[in-house]
Amino acid sequence: MTDYQQEQEDELESLECLYPSTFARDKDEPNKKFSIEILPHQDSDEPNHVGIKLFITYPSKYPDEIIRDYRIEIIRGLKDKQIKELDILMNELFTDNIGAPMMFTICTELQEW
């Protein structure tokens with residue numbers, strides 16, 4: 001039997017290490033909800049002309065259940081049409097990666113988009 005809570009906690013701890021300055025757990029539900037700022041040049045001195053903030057809520061059986069409760073917020077430089085494209089990409093990634101922790105993969109794909 002899968003220990004979903006442990007898998008989620010492991011992934012959250014990994015994300016905290018990988019994105020120390022842009023990852024934040026939700027104050028009310030820190031083991032289920034979080035946000036990450038995603039910038040093209042995350043760890044670089046290069047300017048970031050675009051950026052988003054991703055808000056995620058894990059479903060109870062994640063990673064075996066698709067994430068449906070999420071929101072993309074524009075930080076800078078993107079238009080609504082581009083956010084719709086990112087939304088489509090995220091849904092494809094959620095479906096393609098079902099069954100495995102996927103948030104690092106999704107963040108990387110969005111960063112490279």
For Gln5, does the CD atom sit with more than 12 other heavy atoms under 6.0 Å from it, leaving out its own atoms? no

Minimal heavy-atom distance between Arg25 and Pro30, with the atoms involved, is NH1-O, 3.1 Å

Considering residues at least two apart in sequence or located in another chain, which fulfil the side-chain contact (heavy atoms from CB on, under 4.5 Å) criterion with Ile75? Glu37, Lys53

Output the distance between atom CG (Leu15) and atom CD1 (Ile36), rounded to the nearest 0.5 Å. 4.5 Å

Going by an N to O cut-off under 4.0 Å, is there a salt bridge joining Glu11 and Lys32? no

Interatomic distance, CD1@Ile98 vs CD1@Ile67, rounded to 0.5 Å, equals 8.5 Å

If only atom types and distance count, is the side chain of Gln8 paired as donor or acceptor with the main-chain N or O of Tyr62 below 3.5 Å? yes

Taking the side chain as everything from C-beta on, heavy atoms only, tell me whether Glu65 gets closer than 4.5 Å to Ser60. yes

Please, which pairs that meet ring-ring contact (aromatic ring centres under 6.0 Å, His included) have at least one residue in residues 75-94, sequence neighbours excluded? Tyr70-Phe94

Pairs touching residues 92-108 that satisfy side-chain hydrogen bond (donor to acceptor under 3.5 Å, both in side chains), sequence neighbours left out: none

Approximate separation, where rounding is to 0.5 Å, of Leu78 CG and Lys84 NZ: 13.5 Å

For the CD1 atom of Ile88 and the CD1 atom of Ile83, what is their distance to the nearest 0.5 Å? 12.0 Å

